[in-house]
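In what follows, every chain begins at residue 1, and chains take the letters A, B, ... in the order their sequences are listed.
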Number of protein chains: 2
Amino acid sequence: MATTDETESTTPNNPRQMLGEFIRVQRQMANLSLRQLSALTEISNPYLSQVERGLHEPSIRVLKSIANALNVSSEILFEQAGLFTSTEDPGSEATEAAIRTDRRLSEAQRHALLGVYRSFLETSEEGD
Amino acid sequence: MATTDETESTTPNNPRQMLGEFIRVQRQMANLSLRQLSALTEISNPYLSQVERGLHEPSIRVLKSIANALNVSSEILFEQAGLFTSTEDPGSEATEAAIRTDRRLSEAQRHALLGVYRSFLETSEEGD
DNA sequence: TCTCAATGCTGTGCATACCAAGCATTTGGT
DNA sequence: ACCAAATGCTTGGTATGCACAGCATTGAGA
């Protein structure tokens with residue numbers, strides 16, 4: 001069982017595994033055992049264990065509960081769950097659209113925020 | 001049989017029903033039948049029907065597919081699904097969600113952009 | 001009238017999310 | 001050494017997501 005060994009890769013390709021590992025790291029950083037997290041989330045510890053090992057795709061309710069217990073914003077968890085990355089248009093103008101339609105900002109503020117956003121895009125990746 | 005009637009309320013309290021009605025409205029605005037949406041999403045039309053009527057809580061994969069087919073940003077769908085209402089304040093945070101999930105930004109850039117955005121909110125409207 | 005296509009909805013069944021109980025290993029106290 | 005408690009994991013069962021086939025209704029055209 002040595003040669004065909006399947007030790008966990010440090011960067012799992014499977015989005016389920018990525019999500020699970022992310023949750024496990026967050027839990028360990030919070031110094032919580034599986035049972036403690038189970039008590040906080042009201043989700044059974046065996047299932048949490050399986051989720052962390054990428055054996056199951058947790059439901060929205062479970063993800064929300066975990067995010068809440070670990071004080072991780074839900075969006076980040078869903079991002080880790082591969083929610084926004086696959087079928088969505090990846091060059092998304094979602095951020096621009098959100099800024100433009102944000103009624104809490106004045107027009108000048110929208111303009112400024114878009115400027116900052118676009119400058120970030122240029123500095124980070126130029127080729128697209 | 002009239003008094004104990006249970007006609008659907010115009011503003012359903014159940015988050016499942018809210019999500020379902022939101023999806024139904026979006027589908028009808030796109031002039032799509034259940035079967036057409038079914039073809040786009042590769043999700044059976046009976047199940048779509050049940051989701052729209054709030055009889056089931058769709059999985060992440062289904063939600064993502066629906067959002068994609070209806071050209072609705074996933075974040076908005078999840079907000080409708082009552083996803084972000086736990087740890088964060090449930091206001092109009094579409095912009096924050098968009099920034100947070102923007103894969104073209106680094107984490108530092110996201111943080112910075114959120115900082116700018118929040119500072120704008122404070123200066124423009126304080127009492128809401 | 002009848003027909004036929006398109007709509008949304010109902011049943012039945014399989015796959016999977018999720019839980020309760022218990023096992024294997026480690027750690028620390030006596 | 002023994003025991004007790006805590007850790008993560010395995011097993012078997014139940015609830016629910018989801019699909020396939022088909023029903024009921026409506027509307028257009030012959």
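Distance check, rounded to the nearest 0.5 Å: CD1 of B:I23 to CG of B:L70 gives 7.5 Å.
When the P atom of C:dG8 is taken as reference, atom NE2 of B:H56 falls 18 Å away, rounded to whole Å. The interatomic distance linking A:L34 (CG) with D:dA5 (C1') rounds to 16 Å, in whole Å. In this structure, CD of A:E57 is placed 11 Å from C1' of D:dG17, rounded to the nearest angstrom. Residue A:I66 contributes atom CD1, which lies 12 Å from atom C1' of C:dA17 at whole-angstrom precision. Per the geometry, NZ belonging to B:K64 stands 16 Å off C1' belonging to D:dG17, to the nearest Å. In this structure, A:L32 places its CG atom 14 Å from C1' of D:dA6, rounding to the nearest Å. We find that CD of B:Q28 is positioned 12 Å from C1' of C:dT7, with the value rounded to whole Å. Rounded to whole Å, atom C1' of C:dA24 lies 12 Å from atom CZ of A:R35.
Using a 4.0 Å cut-off, no side-chain N or O of B:R61 falls inside it from OP1 or OP2 of D:dG17. In this model, the phosphate group of D:dC18 is approached by a side-chain N or O of B:S59 to a distance below 4.0 Å at OP1 or OP2. Residue A:S33 has a polar side-chain atom (N or O) positioned under 4.0 Å from OP1 or OP2 of D:dT7.
Side chains of B:L40 and B:N68 form no contact here, defined as non-hydrogen atoms less than 4.5 Å apart. The shortest side-chain heavy-atom distance between B:I60 and A:L63 falls under the 4.5 Å cut-off. Counting heavy atoms from C-beta on, the side chains of A:S38 and A:I43 never come closer than 4.5 Å.
Applying a 4.0 Å cut-off to non-hydrogen atoms, the residues of residues 37-55 of chain A that approach DNA chain C are A:E42, A:I43, A:S44, A:P46, A:Y47, listed by residue number.
The pair B:R53-B:E21 does not meet the salt-bridge criterion, since no charged nitrogen lies less than 4.0 angstrom from a carboxylate oxygen.
Residues A:L55 and A:L34 do not share a hydrophobic cluster, defined by chaining ILVMFWY side chains whose heavy atoms lie under 4.5 Å apart.
A donor-acceptor pair shorter than 3.5 Å cannot be found between the side chains of B:R61 and B:S65.
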